[in-house]
Amino acid sequence: MKVTFPTDLKSIERRIQTVNPILYASSRNYIDGAVSLLSPYIARGFISTKQIFDYVSNLGFKPYQITKFVQELTWRDYFQEVWRNKGDLLFQDLKHPQPNVKHTKIPKAILKSSLGTGISGIDRELLDFYENGYLHNHVRMYIASLVCNLSGAYWKLPSQWMYYHLLDADLASNTCSWQWVSGSFSSKKYFANQENINKYLKTNDQNTFLDLSYEELMNLKEIPKEFLELSDFDLSNAFNSTKQWFYDKKVQFENNKITTIFADSYERLELDPNLPICI
C-alpha cells in the first residue's frame, strides 16, 4: 500500500477532516478502502482517539452510521486497557497457550532479504511495508495467519518483527492482534484463503497453497514449502541497520543545506523528561 504521512499540522488536520465514517464502514477491508491513515499520529501521541471521536460525532451522522469507525477507535483503547491491566503478562499467552506451535522463529519468506511468500498480493504489500512502514490492517491479519497458523510460528518473535517496522507501532494493539490471530487471545485461529485475499487485495492468484476451502485450510497438516526456511531475526542487527539509514539521511540532508535533528537515543535530544512525548 503506497502511502505517505505528512508531519505538518495543516496536512494532519486536513487528513482528519477527510474521514468519512460511512464510506469507511463499507470499504475498510479493501486495500483501496477509505481508511483514515491516522494511526501513526495516534500511536505517537500527536492526536488522540478522543479527538477523532469528537470530530466524527459532530459531523451530523446518526450513531449507527459511524458505529464501525468508532469501533476501531475503541479497539485501540481497549488494547491499551488490556496492557494496563495485565502489565508484562501482555507478552505471554493471554487466554490460553497458542495451539499447534511448531517453532519460535520467523519464516524467511516475509523478511526483506528473502521475501517470497508465494502470494503475490502479500509480497506486494510487504515490499511497500519495507519502504513506508505501513500495512493495511487486513494485511496485518493475513501475514499473522500465514506465519502463525500455517507456518506454525509462536506469535512473539514475528510480532516483534512487525512492531519494529511499523510507523504506527503500538505495542498493545500489535501484541493483542497477533495473539488474537494465533488463537492465544481468542476462541479460534484466524484463517484467510486465496479467494478472500484476492477479493480484498484486488489480486487474481490461483493454484496457490491458499487456494482451498476454509475446512481444507484449517486441516492442512504440511507447512507450505515457501515457509519452511526460518530465521531468528536479530533485532540488534535490524536496529543498527536503521540507525545507519538515519545517519545516511542526515548526511544527505546536510549536503543539501537542510537543518536536521537526528538522535539515536532519548538523552541526546536533550528534552525535558517530564514532557509527555512519545519517540
Side-chain angles (χ1 to χ4, degrees), residues 1 28-29 35 39-40 42-43 71-72 74-112 115 117 119 121-123 125-126 128-130 133-193 196-197 200-201 210 217-218 220 223-224 226-227 230-235 238:
M1 189 172 178
R28 69 191 187 283
N29 286 332
V35 295
S39 54
I42 298 172
Q71 282 177 342
E72 293 306 309
T74 55
W75 271 118
R76 176 177 284 271
D77 287 353
Y78 167 70
F79 290 145
Q80 293 295 327
E81 290 302 316
V82 171
W83 189 10
R84 186 173 289 110
N85 179 264
K86 296 290 187 180
D88 287 345
L89 292 177
L90 177 74
F91 309 109
Q92 301 176 23
D93 292 345
L94 283 168
K95 284 193 172 181
H96 36 244
Q98 177 185 331
N100 303 319
V101 173
K102 295 182 174 68
H103 60 85
T104 58
K105 299 186 178 183
I106 186 169
K108 288 186 176 181
I110 64 171
L111 299 180
K112 186 177 182 180
L115 181 59
T117 65
I119 309 298
I122 301 298
D123 288 351
E125 297 306 311
L126 280 169
D128 288 343
F129 177 45
Y130 281 116
Y134 182 79
L135 284 170
H136 187 288
N137 186 60
H138 220 164
V139 177
R140 301 181 198 205
M141 294 168 62
Y142 290 155
I143 293 170
S145 181
L146 286 171
V147 170
C148 295
N149 302 338
L150 292 184
S151 162
Y154 185 57
W155 62 266
K156 184 172 284 188
L157 185 60
S159 75
Q160 292 173 344
W161 158 82
M162 182 173 284
Y163 177 84
Y164 179 83
H165 287 95
L166 283 170
L167 191 61
D168 63 2
D170 179 284
L171 196 55
S173 295
N174 186 65
T175 302
C176 288
S177 296
W178 274 85
Q179 292 211 48
W180 184 86
V181 169
S182 68
S184 64
F185 190 40
S186 56
S187 58
K188 61 179 181 179
K189 295 183 173 189
Y190 169 81
F191 287 91
N193 66 8
N196 182 292
I197 292 174
Y200 291 111
L201 297 192
L210 290 178
L217 195 59
M218 288 187 285
L220 199 62
I223 298 175
E226 292 85 353
F227 286 79
L230 306 175
S231 170
D232 288 317
F233 183 63
D234 189 330
L235 284 166

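For this chain, numbers begin at 1 and follow the sequence in order.
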inquiry  = Quick check: closest heavy atoms across L146 and I122, and the distance to 0.1 Å?
reply    = CD1-CG1, 4.2 Å
task = First locate atom CG of L150, then atom CZ of F191, and finally report the distance between them rounded to the nearest 0.5 Å.
result = 6.0 Å
message = In the structure I gave you, are the side-chain heavy atoms of L126 and I143 within less than 4.5 Å of one another anywhere?
response = yes
request  = Flag the pair V147 / W178 as yes when at least one side-chain heavy-atom distance between them is below 4.5 Å, and no otherwise.
outcome  = yes
key: Straight-line distance of Q92 CD to L94 CG, nearest 0.5 Å   = 9.0 Å
query = With R28, which residues qualify under salt bridge (Lys or Arg N to Asp or Glu O under 4.0 Å), at least two apart?
reply = none
request  = Quick one: which residue pairs count as a salt bridge (Lys or Arg N to Asp or Glu O under 4.0 Å) with a foot in residues 168-186, not counting sequence neighbours?
outcome  = R76-D170, R140-D168
query = Backbone N or O of S173 within a donor-acceptor pair of the S177 side chain at under 3.5 Å?
reply = yes
task = Working to the nearest 0.5 Å, report the span between CG of L90 and OG1 of T175.
result = 4.5 Å
query = How many angstroms lie between atom OG1 of T104 and atom CG of L230, to the nearest 0.5 angstrom?
reply = 9.0 Å
query = Can you name the closest pair of heavy atoms from S145 and V181 and give their distance?
reply = N-CG1, 3.5 Å
query = Between D93 and Y154, does any side-chain donor sit less than 3.5 Å from a side-chain acceptor?
reply = yes
query = Are any side-chain N or O atoms of S182 and backbone N or O atoms of W155, one a donor and one an acceptor, separated by less than 3.5 Å?
reply = no
task = Say whether, by atom type as modelled, one donor and one acceptor occur between the side chain of N149 and the main chain of Y190 under 3.5 angstrom.
result = yes
request  = To the nearest 0.5 Å, tell me how far N174 CG sits from Y163 OH.
outcome  = 8.5 Å
inquiry  = Under the side-chain contact (heavy atoms from CB on, under 4.5 Å) test against H138, which residue among L201, I197, N196 passes?
reply    = N196
query = Who passes side-chain contact (heavy atoms from CB on, under 4.5 Å) against S186, sequence neighbours left out?
reply = W180
message = When you compare the side chain of F91 with that of L171, does any pair of heavy atoms fall below 4.5 Å?
response = yes
ask   = What heavy-atom pair brings A192 and L210 nearest, and what distance separates the two atoms?
value = O-CD2, 3.9 Å
remark   = Tightest non-hydrogen contact, residues M162 and F129, listed as O-CZ, 3.9 Å
Any residue meeting side-chain hydrogen bond (donor to acceptor under 3.5 Å, both in side chains) with S151, in chain and number order, not counting sequence neighbours = H103
query = So, does Q98 use its side chain to make a donor-acceptor pair with the main chain of S184 at under 3.5 Å?
reply = no
key: Polar contact flag, side-chain donor to acceptor under 3.5 angstrom, D123-T117   = yes
remark   = Shortest non-hydrogen pair, L157 vs S231, comes out as CD2-O, 4.2 Å
request  = Any chance you could lay out the side chain to side chain contact (heavy atoms under 4.5 Å, CB included) test for L167 and Y134, step after step, and finish with the verdict?
outcome  = CA-CA 6 Å; L167 191 61; Y134 182 79; 5.6 Å; no
key: Over 12 non-hydrogen atoms of neighbours within 6.0 angstrom of NZ in K112   = no
request  = Begin from the C-alpha positions of Y200 and V139 and carry the test side chain to side chain contact (heavy atoms under 4.5 Å, CB included) through to its verdict.
outcome  = CA-CA 9 Å; Y200 291 111; V139 177; over 6 Å; no
task = Verify whether the ring centers belonging to W83 and F79 lie closer than 6.0 Å.
result = no
note = Contacts of D88 meeting salt bridge (Lys or Arg N to Asp or Glu O under 4.0 Å) (sequence neighbours excluded), chain-then-number -> none
task = Measure the acute angle between the ring planes of Y78 and F185, then classify it against the limits of 30° and 60° as parallel, tilted or perpendicular.
result = parallel
request  = Could you grab the distance from atom CD of Q160 to atom NE2 of H165, nearest 0.5 Å is fine?
outcome  = 12.5 Å
task = Taking all heavy atoms of L135 and all of L166, pick out the closest pair and write down the distance.
result = N-CD2, 4.4 Å
ask   = Quick one: salt bridge (Lys or Arg N to Asp or Glu O under 4.0 Å) partners of K189, sequence neighbours excluded?
value = none
